[in-house]
Structures are given as structure tokens and as C-alpha cells.
Novice: 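Quick one: the structure is below, questions incoming.
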Amino acid sequence: MLDVSVTDLIETSPDRVRHIMFDPRQDPTWMAAVKSVELLTEDIRPGARVRRIGTFLGRTLRWTTEVTAVSAGTLDLNIVDGPMRGTVTYRIEAEGVGSRVTIRNVGHAPGFAPRWLLTMAMRRSLAADLRRLKHVAEQRT
């Protein structure tokens, strides 16, 4: 079981961060692992599904997520197929004039690498994704 969480402060409003982070069509602009996105359902609501294709640790991966809950500050996803099964949570909280943003992945590790290596690689990858999100969101201010 893996449980990896990263948090960063983004100096723009929660609405601006949400506009980017909660729109799967924008994933390739801030998530290094995601190369393409296919919306299987148009709106972001419980039950909506998105198929993603990308790379991680040099492997091409395909996975589908399903929205389990969405609110102004949280998007909960269930990974329903692909090499890792589990959940992804995006959380955005107002902090001063900015936003405290967290990404958390919890799930069963795929068998192609040791758990410690996957945990370290996921933490590094998620932290880099948050830095890219920060750059994109702050540049659009």
C-alpha cells in the first residue's frame, strides 16, 4: 500500500487553481506523467470518468479515474483501471491571498518496482507537478 501526499502554497486564488487543477483537459499542462486525456464523461461530477495515457519510471501507462466527490475545495478520484488502483485527492484551501494545495495518492503499488522506490518516485513526481501547477496558475494571474 502506498500513501503519498504533497502540499504547496500557490500565490493565486483558489478559484484560479481549481479552474486548472479540476479540469482534466489541462492535466498535460501541469502533470509530467500525463501525455493525453480522453473525457469519457463531459462534466466533472460523481461518476464522471477520464482516461489518461502517460509515462512513469520510463513505462507507458494507461489509467481511468472516476470522480467520487467534488466540492469547491476538493476533488476525489478513484483509479478504476491501470497499473495502480486506489484514490487521488486534490484539496485547495484559501490561505491569505493564495491557496494551500495538496495532492494525495493512496493505493496498491504496481509490481514493477519496489514499494520504497515507487513511494520516492511518486513523491518527487507529485512535488514537481505542484511546482508546474504553481507556475501555470501564477502566470495566468
Side-chain angles (χ1 to χ4, degrees), residues 1-41 43-141:
M1 194 72 159
L2 297 175
D3 187 345
V4 180
S5 181
V6 295
T7 301
D8 201 355
L9 183 63
I10 298 179
E11 296 180 10
T12 192
S13 73
D15 284 342
R16 184 171 302 281
V17 175
R18 184 179 316 102
H19 176 76
I20 299 163
M21 191 177 205
F22 288 16
D23 180 356
R25 294 169 296 195
Q26 296 197 51
D27 287 0
T29 67
W30 66 275
M31 297 174 75
V34 178
K35 303 305 177 203
S36 66
V37 173
E38 178 187 359
L39 297 176
L40 302 177
T41 311
D43 9 339
I44 300 304
R45 58 174 169 66
R49 288 187 172 210
V50 175
R51 181 172 299 125
R52 293 170 177 86
I53 299 174
T55 57
F56 185 70
L57 293 176
R59 293 177 166 262
T60 298
L61 305 175
R62 291 168 180 76
W63 68 100
T64 303
T65 59
E66 180 176 280
V67 175
T68 57
V70 64
S71 68
T74 304
L75 177 62
D76 291 320
L77 304 169
N78 189 30
I79 304 167
V80 296
D81 70 19
M84 181 176 166
R85 301 295 171 97
T87 62
V88 179
T89 300
Y90 298 155
R91 183 172 313 281
I92 305 167
E93 300 170 291
E95 184 164 313
V97 296
S99 306
R100 178 156 305 280
V101 180
T102 301
I103 302 173
R104 181 179 183 201
N105 284 11
V106 177
H108 297 283
F112 62 78
R115 191 175 77 176
W116 68 267
L117 178 61
L118 289 170
T119 299
M120 183 178 67
M122 281 181 65
R123 184 168 287 113
R124 185 175 294 146
S125 177
L126 291 176
D129 288 346
L130 269 186
R131 286 190 302 273
R132 279 188 292 282
L133 177 63
K134 176 182 177 92
H135 176 76
V136 170
E138 290 176 357
Q139 292 301 312
R140 292 185 183 176
T141 301

Novice: Output the distance between atom CE (Met122) and atom CG (Leu2), rounded to the nearest 0.5 Å.
Specialist: 5.5 Å

Novice: Could you walk me through whether Trp63 and Leu61 satisfy the side-chain contact (heavy atoms from CB on, under 4.5 Å) test, starting with their C-alpha distance in whole Å, then the side-chain angles of each, then the deciding distance to 0.1 Å, before giving a yes or no?
Specialist: CA-CA 7 Å; Trp63 68 100; Leu61 305 175; 4.0 Å; yes

Novice: Rounded at 0.5 Å granularity, tell me how far CG in Asp27 sits from CZ in Arg52.
Specialist: 4.5 Å

Novice: Check Val106, Val88, Asn105 against Ile79 for a side chain to side chain contact (heavy atoms under 4.5 Å, CB included) and give me the one that passes.
Specialist: Val88

Novice: Does either side chain, that of Thr74 or that of Arg91, offer a donor lying less than 3.5 Å from an acceptor on the other one?
Specialist: yes

Novice: Where the side chain of Asp81 meets the backbone of Thr64, is there a donor-acceptor pair that is under 3.5 Å apart?
Specialist: yes

Novice: Could you state the interatomic distance from CD1 (Ile53) to NZ (Lys35), rounded to the nearest 0.5 Å?
Specialist: 12.0 Å

Novice: When you measure from the side chain of Glu138 to the backbone of Glu11, do you find a donor-acceptor pair of N or O atoms at a distance under 3.5 Å?
Specialist: yes

Novice: To the nearest 0.5 Å, what is the distance between OG1 on Thr7 and CG on Leu130?
Specialist: 7.5 Å

Novice: Rounded to the nearest 0.5 Å, what separates atom OG1 in Thr68 from atom CG in Asp76?
Specialist: 4.5 Å

Novice: Supply the atom-to-atom distance Ile103 CD1 to Thr89 OG1, rounded to the nearest 0.5 angstrom.
Specialist: 10.5 Å

Novice: Quick check: does any side chain N or O of Arg85 sit under 3.5 Å from a backbone N or O of Val80, one acting as donor and the other as acceptor?
Specialist: yes

Novice: State, to 0.1 Å, how close Phe22 and Ile92 come at their nearest heavy-atom pair, and which atoms those are.
Specialist: CE1-CD1, 3.7 Å

Novice: Give the C-alpha distance, both sets of side-chain angles, the deciding distance and a yes or no for side-chain contact (heavy atoms from CB on, under 4.5 Å) between Val67 and Arg45.
Specialist: CA-CA 6 Å; Val67 175; Arg45 58 174 169 66; 5.9 Å; no

Novice: Tell me whether the count of non-hydrogen atoms from other residues, nucleotides or ligands lying under 6.0 Å of CZ in Arg124 goes above 12.
Specialist: no

Novice: Under the side-chain contact (heavy atoms from CB on, under 4.5 Å) rule, what do His108 and Met84 come out as? Steps first, then yes or no, please.
Specialist: CA-CA 6 Å; His108 297 283; Met84 181 176 166; 5.8 Å; no

Novice: If the test is side chain to side chain contact (heavy atoms under 4.5 Å, CB included), which one of Val101, Ile20, Val136 qualifies with Ile10?
Specialist: Val101

Novice: Does any part of the side chain of Arg25, heavy atoms only, come nearer than 4.5 Å to the side chain of Leu39, both counted from C-beta?
Specialist: yes

